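Keep in mind the model is a prediction, meaning the values are calculated, not measured. Labels below follow one simple rule: chain letters A, B, ... track the order of the sequence lines, proteins then strands, and each chain is numbered from 1.
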Number of protein chains: 2
Amino acid sequence: MSAKSSPKNLRFAVLAADITLFTLHDGCLLVRVVRVDRSPHFVNYEALPGGLLRPSETAEQAVSRLLGDKAGIAKGKVYVEQLYTFSRLDRDPRGRVVAVAYLALVPYEELSEGERKDNLDVRWSPVGRVRKLAYDHNEMLTVALARLRSRITYTTLLQKLMPKEFTLTELENAYESVLGKSIDKRNFRKKILATGVLEELSKIRAGMNYRPARLYRFKLKKVKEVVVL
Amino acid sequence: MSAKSSPKNLRFAVLAADITLFTLHDGCLLVRVVRVDRSPHFVNYEALPGGLLRPSETAEQAVSRLLGDKAGIAKGKVYVEQLYTFSRLDRDPRGRVVAVAYLALVPYEELSEGERKDNLDVRWSPVGRVRKLAYDHNEMLTVALARLRSRITYTTLLQKLMPKEFTLTELENAYESVLGKSIDKRNFRKKILATGVLEELSKIRAGMNYRPARLYRFKLKKVKEVVVL
DNA sequence: GCAAAAGTGTTTGGCATACACCCATGA
DNA sequence: TCATGGGTGTATGCCAAACACTTTTGC
C-alpha cells in the first residue's frame, strides 16, 4: 500500500480525471465536449474533457486545472462532485488508464462570451444529440445524466445550473429541461415554496410586454437534501 | 491520456482498493477489520481490508481477490458496489496512494465457521464500537454506512445482508439494526408486501415454543429500486 | 394455561394530483 | 383592447402513521 516501498512494477497505473460538464441554455441541457484526434484509434472523435493527474495533485485539483486547460472554462464558478471510477482494462486502447469521472455543473449566465461560443477544439453539445465519443465516455455521460436527474429530485442541486436570481417559471423550465418532462405549474410552486429553500426578492423581471415576474434566489449556496418534486 | 505516450514521471499512481464489508448478526451490524502494524505510522492499528491493484486487474477484480486474501472471506457470496475514490495526497503517510473504496455485503448465514470467527489478523467489529482506523478508513466507513442506510430505504439492497429465506420479523429486525431505529410492525408488513418484491413460501420456521412464522424470500436476486420504507 | 412471538384492520390527517381562470404589463 | 405569460385555490383520493388484540405453538 505504499508508493515508496512498492517495487517499480507496481507503480503502474495512469490516473485520469474526466469531466461531464453540463450547462442549461434555452431549455436545452448542454454538455461540454472536446475534439480528440489520436491515430490510430480515435480519428476525428469527440470526448469529455479530461486528462492525467499530476503526481502531486488530488483528483479534485486535477479537475480544477482541466476545466481551464481542456474545457476552456474558468474554474471557480463550476460545481463539481465525484461520479464514479472507471477501471476497465481496455477502456483506453493505448494503455491502462483508470479514470475518476466527475459531474460538473455551471450556470450559462456565468459563462463569458468566449466560454459560450463553440470553436474547433471544444463546444457545447445538446445531450440528446451527442454521438459516439472516444473511450468509455458515452457510458460516463449516461451515468452522469442519470445522477443529475436523480439528484435534482431530492436535493437542491439544480441551483448549480441556475443564475443567482430567477423567476419560478424559469426554475420550473430548468427542471423540465433536465428531466425531460413537464410539470404542473401550480403544484410546482406550492411544493418548491413549501420546502423553504427559496428566498423571495423584492425585485421583478420587467421589460417584457407581459406581466413582470417576481425574482427568487436560493437561500443557501450549499446543496441541501430536500424533497423537491 | 495514454500510458504508452506519457512520460515516465507521469506513470506514478499507486492504486488501491479498500473494502467496507458488512454483515448482520444477532441484531448487530458488523464490519470486517484487519490488523495492521506498520512502523512508524500505524503500530497496532486496525484498518479496512484492502490492497494494491495489480497491473492487469480492474478495481472490481482486485476486490474479489482481496476479499479472500485480506478479509478472509470466500468470494462469490459477497455483494460489491463501488463507493467513492479517495485521492487526498496525505491519506497514506508512506506515499501517494489513491484508493477506490467499495461497499460490500455478505449474509452472516453464508459464512463458514472460520469466516465467522475472529482471529489475530482479522475480525468482525460492531460498527458502533470501531475505534481509530489507519489511513482515512474511518471516513470510508462513515461514507459506507451512510450509503448503506440510504440505499436500503429506496432499493432492495438489504437482501444482500439477509439469508435466502427469512421471516418478516427477521427482515424487519434487519432494517431496524441497520437504520438504528424501530419500525411499526403492521405498517412494515403492509408496505413490504405491497411492493411485491417478496415471495411467500409454503414453509414455516418451526421448533420454537411459540407460534411458527411463515418464511419469505426475495423474488429477484438483483437489487431493485423500490420505495421500501 | 402460560409464555412468547406471529399475525391482522381501522381511523386519521396530510400530501400529491388534477384542473381553469383572472391579473399585470407593453404595444 | 389585445396578446402574453404571471400568478392563484380547491376538491379528491391515496398513503403514511398511529394504535391493540387474537392466534398458534411448546412446555
**OP:** State whether R186(B) places a side-chain N or O below 4.0 Å from either non-bridging phosphate oxygen (OP1 or OP2) of dG9(C).
**Re:** no
Subject >> 5' priority, DNA chain D, between L229(B) and P212(B) [closest heavy atom] >> reply: L229(B)
Original post:
Hey, is the side chain of K185(A) pairing donor to acceptor with the base of dT17(C) inside 3.5 Å?
Top reply: no
Subject >> Separation between NZ of K132(A) and CZ of F42(A), rounded to the nearest 0.5 Å >> reply: 7.0 Å
Original post:
L215(B) has an atom CG; how far is it from atom C1' of dA6(C), in whole Å?
Top reply: 12 Å
Original post:
Roughly how many Å is it from CG in D184(B) to P in dG9(C), rounded to a whole number?
Top reply: 15 Å
Original post:
Looking only at atom types and distance, does a side-chain atom of K191(B) sit under 3.5 Å from a main-chain N or O of V227(B), one as donor and one as acceptor?
Top reply: no
Original post:
Does N187(A) make a side-chain donor-acceptor contact with the base of dA18(C), cut-off 3.5 Å?
Top reply: yes
Original post:
Just how far is it from atom OH of Y175(A) to atom CG of L24(A), taken to the nearest 0.5 Å?
Top reply: 11.5 Å
Subject >> Boundaries of the chain B footprint along DNA chain D (any atom under 4.0 Å from a heavy atom) >> reply: dA16(D) to dG26(D)
Original post:
Nearest-Å distance, CZ (R189(B)) to P (dA6(C))?
Top reply: 7 Å
Original post:
How close or far is atom P of dA18(C) from atom NZ of K191(A), stated in whole angstroms?
Top reply: 13 Å
Subject >> Whole-Å distance separating the CZ atom of R211(B) from the C1' atom of dC2(C) >> reply: 17 Å
Original post:
Does T169(B) place a side-chain N or O at less than 4.0 Å from the phosphate oxygens OP1/OP2 of dA6(C)?
Top reply: yes
Original post:
Reckon K190(A) has a side-chain N or O less than 4.0 Å from the OP1 or OP2 of dA16(C)?
Top reply: no
